[in-house]
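Heads up, the thing below is written out as C-alpha cells.
All values below were derived from every heavy atom in this structure, side-chain atoms included, with hydrogens, water molecules and symmetry-related copies excluded. First the proteins, then the strands, lettered A, B, ... as listed; each starts at 1.
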There are 2 protein chains.
Amino acid sequence: MSVSAKSMAPAEPVTLHQRIRADLEGKILSGEWKPGHRIPFEHELMVQYGCARMTVNKVIGGLVAAGLIERRRRAGSFVIQPRIQSAVLEIPDLSSEIAARGEAYGYRLLSRRLRVAAGTDLAESGMIAGEGVVELRCLHLADGRPFAVEDRLIALAVVPEAASVDFSQTAPGSWLLGHVPWTAAEHRISALAAGAREARDLDIAKGAPCLCLERRTFRAEQTITYARQLFRGDAYNLVARFSPKG
Amino acid sequence: MSVSAKSMAPAEPVTLHQRIRADLEGKILSGEWKPGHRIPFEHELMVQYGCARMTVNKVIGGLVAAGLIERRRRAGSFVIQPRIQSAVLEIPDLSSEIAARGEAYGYRLLSRRLRVAAGTDLAESGMIAGEGVVELRCLHLADGRPFAVEDRLIALAVVPEAASVDFSQTAPGSWLLGHVPWTAAEHRISALAAGAREARDLDIAKGAPCLCLERRTFRAEQTITYARQLFRGDAYNLVARFSPKG
DNA sequence: CTCGCCCATATGTGTAGACATGAGCGCGGC
DNA sequence: GCCGCGCTCATGTCTACACATATGGGCGAG
C-alpha cells in the first residue's frame, strides 16, 4: 500500500507467476496467438523469463485449467479453439440478491404440507413416487413488494431433518444451502404467463409475463430438492458473464 | 486400494496429484468436511500422503481455483461457504440448437440498415454515439414456424467487414462467431410481453410472455455486437447445469 | 487490565534436478 | 519402396530445499 494513486489499473502482477500468466494470456486474448498456434516450449519460456521450468509449467497448467491451452506430449502446447459460448450464470440466494440491490428483503411462508410424491410433480421435479416430501409455497419480498413466488419440494428420504423445520422464518433455499451438501444442480429458465394464483401472490395482472427459474439439486444420484421460482417479469433479470480469464 | 469391485467408478486416478485431489474433493463434496472446516495443514497432508509439500500445494491450489477452498495465511485452508450457485450456461448457436431438437432450421432477414448509433440504443447496447453500426432484424424458424426474433447491432469500427456482408442467407450470430474473435460476453435474461410487432413476427398474441436474451460481446474494451433475441415463451427454455467437479 | 510489539508459523513463491511417459520421426531391415 | 523398431525430445510428475510474507496469538510494558 506504499504507493499513491494506482489509477484504475488493478495492480499489475507482481509475482513471476502472474507476470508470465498475464503475458501469455494477453498474447492469446489479443489474437496475437491465434487458435491452433503453438506457443513456445517450456524450455524456451524458461530461458525467456529466466526462471525454472517448474514455474513455467505451473503457469501453463493454469491456462490449461482455464481452457485456453491444450498440451500435447512431444508436440508442444497449443492455443485452443473456442467451441461453444458458455457463460457462468450466477444464481445467488434471493435474500443476498435483493440486499445487493439496496432493498429490504422480506419473506413469507404461504403454505407447508407433508405429503407423498405422486402424479404430476414426478416428471419435472425428479421426485420418486411414494417418497415423502415437504411441499412449500412461499413469497420473497423486496421493500415489502412481492418479488418472487416459490414452490418447493424437499425429498425427506435425503433430508429427513426438513420435516421438523419450521420454514416460517427461514427461506428453504437458505436453509438447504447451509445444511445439505450438494453435488450437482440443473436449471431451466423460461418465460410464462402468470396464472390466477401467481398473479394474486405477485400482485400483477393475470397473464403478465414472468421469468420462471426451475432448479433441481442433486447429491450423487438422488434429487434433494426441486424449486420453481416465478419472478415478476418487470422486476428481475438474470445476468451472466463470460470471460476466458475465469 | 487393492480392493475388488470398483462398481461404476470410471478409472481411479493414478497419479499422486489426482489421488490426493480426488480424496480431498470427496471429503468436501460428501459433506464430511463442512463449509468452514479447516482442512489439514499442508505439512500434515505431506506426511499423510508421504509426498513433498509442493505436490500438496499444487493440489490445494487447484481446489482454490475450482472455488472449493479458501486459503488464509497463518490460519490454514478452509472449505468455502458456497455463496452463490453458479452454473454454466451454454448458449449454442440457434441453428445447432434447433437441429439438436430434430427440427429444421430456417432463417429470414427482415431488415438491414447501415446507420449511426444514437439515442436509445446507447445505454443498453454499449455502442458509442456517432459510431457506425449495422442494424439487423431477423427471424429464426423451427420447422417453418417462427421461433425467435433477433435485433442486432454490429459495431463497424470493430468489424468493418460487416458492412459488406449480405446477411440474407447467413445468420449474423454464426457469421460473427466464425469471423471475429471475442474476449468477453455479457448476457441478460428476462421475461417480457410481446409488443405488436414482435407478436406479428413470432405469430403469437400481443402481450404473450416471451423469453428475452440480450447479449453484448466484447473484444478488449470495445463492444463488438449487441443482440436481443426474443423467444416464444411456450417454445423455448434455457438449460444450465452445474457440478463442482467442473 | 489493556494495548501494542514481536515472533512462531502456515502459506506463497521459486529453484535445480530427477525420472517417467508417450508421440514423432528417421533409419535400418526386408 | 514400405514397414516397424527404437531414439529423441517435450511434457508430466515429483522431490528437497530455500526464502518471502502476512497474521494470530503470546508476552511484556504501561
Side-chain angles (χ1 to χ4, degrees), chain A residues 1-3 6 10-25 27-28 33 35-81 245-246, chain B residues 1 10-25 27-28 33 35-81 246:
Chain A
M1 283 304 132
S2 49
V3 201
K6 266 180 212 156
E12 74 177 24
V14 278
T15 72
L16 201 43
H17 260 144
Q18 296 170 322
R19 281 207 314 105
I20 301 178
R21 164 119 192 198
D23 240 43
L24 300 185
E25 253 181 10
K27 292 226 168 82
I28 295 171
W33 288 346
H37 176 87
R38 209 213 72 220
I39 75 173
F41 297 126
E42 292 190 0
H43 176 72
E44 297 174 297
L45 289 172
M46 155 187 159
V47 171
Q48 180 179 332
Y49 290 101
C51 65
R53 192 168 74 94
M54 192 65 169
T55 307
V56 170
N57 187 326
K58 213 167 167 182
V59 169
I60 299 189
L63 293 174
V64 169
L68 283 176
I69 277 183
E70 175 199 14
R71 318 184 77 168
R72 288 207 297 272
R73 274 167 185 272
R74 163 75 207 196
S77 303
F78 300 82
V79 177
I80 227 164
Q81 202 87 18
K245 287 192 177 185
Chain B
M1 283 302 125
E12 71 179 26
V14 278
T15 72
L16 200 45
H17 259 148
Q18 297 170 321
R19 282 208 314 106
I20 301 178
R21 164 116 190 201
D23 239 44
L24 300 185
E25 252 182 12
K27 291 226 168 83
I28 295 170
W33 288 345
H37 176 88
R38 209 213 71 219
I39 75 172
F41 296 126
E42 292 190 2
H43 176 72
E44 297 174 296
L45 290 172
M46 152 187 161
V47 171
Q48 180 180 333
Y49 290 100
C51 66
R53 193 166 78 92
M54 193 63 162
T55 308
V56 171
N57 187 323
K58 210 167 168 183
V59 170
I60 298 189
L63 292 174
V64 169
L68 283 176
I69 277 183
E70 173 200 16
R71 318 183 76 167
R72 289 206 296 272
R73 271 164 186 271
R74 160 76 209 199
S77 302
F78 299 81
V79 176
I80 227 163
Q81 200 83 24

What are the two closest non-hydrogen atoms of A:C51 and A:I20, and how far apart are they? SG-CD1, 4.1 Å
For A:R73, answer base if it contacts any base atom (sugar-phosphate contacts may also be present), sugar-phosphate if it contacts only those atoms, and nothing otherwise; contact means non-hydrogen atoms under 4.0 Å. base
Spacing between B:Q18 atom CD and C:dA20 atom P, to the nearest angstrom: 18 Å
Earlier contact from the 5' end, DNA chain C, for A:T55 and B:R53: B:R53
If you pin B:G50 and A:I39 to their nearest nucleotides in DNA chain D, which one's is more 5'? A:I39
Under 4.0 Å, heavy atoms only, any strand: does B:I60 hit a base, just the sugar-phosphate, or nothing? nothing
Nearest-Å distance for atom pair CE/C1', residues B:M46 and C:dT11: 14 Å
Return the value, rounded to whole Å, for the distance between atom OH of A:Y49 and atom P of C:dT15. 14 Å
Base D:dT8 to side chain A:R74, donor-acceptor N/O within 3.5 Å cut-off: yes
Using whole Å, what does the distance between atom P of nucleotide C:dT15 and atom CG of A:L45 come to? 13 Å
Check: B:K27 and B:H37 side chains under 4.5 Å, non-hydrogen atoms: no
What heavy-atom pair brings B:I80 and B:P35 nearest, and what distance separates the two atoms? O-CB, 3.6 Å
Gap between atoms CZ and P, on B:F78 and C:dT11 respectively (whole Å): 9 Å
Between A:R71 (CZ) and C:dA23 (P), how many Å, whole number? 15 Å
Calculate the interatomic distance between A:H17 atom NE2 and C:dT11 atom P; express it in whole Å. 17 Å
Side chain of B:E42: nearest nucleotide among C:dG12, D:dT15, C:dT13? C:dG12
For B:R21, which of B:Q18, B:E25, B:H17 qualifies under side chain to side chain donor-acceptor pair (under 3.5 Å)? B:E25
Atom pair distance, as rounded to whole Å: CZ in B:F41 and C1' in C:dT11: 10 Å
Measure distances between side-chain N and O atoms of B:R72 and base N and O atoms of D:dA22, and say whether any donor-acceptor pair falls under 3.5 Å. no
Hey, which of A:N57, A:L63, A:I39 is the one that makes side-chain contact (heavy atoms from CB on, under 4.5 Å) with A:R71? A:N57
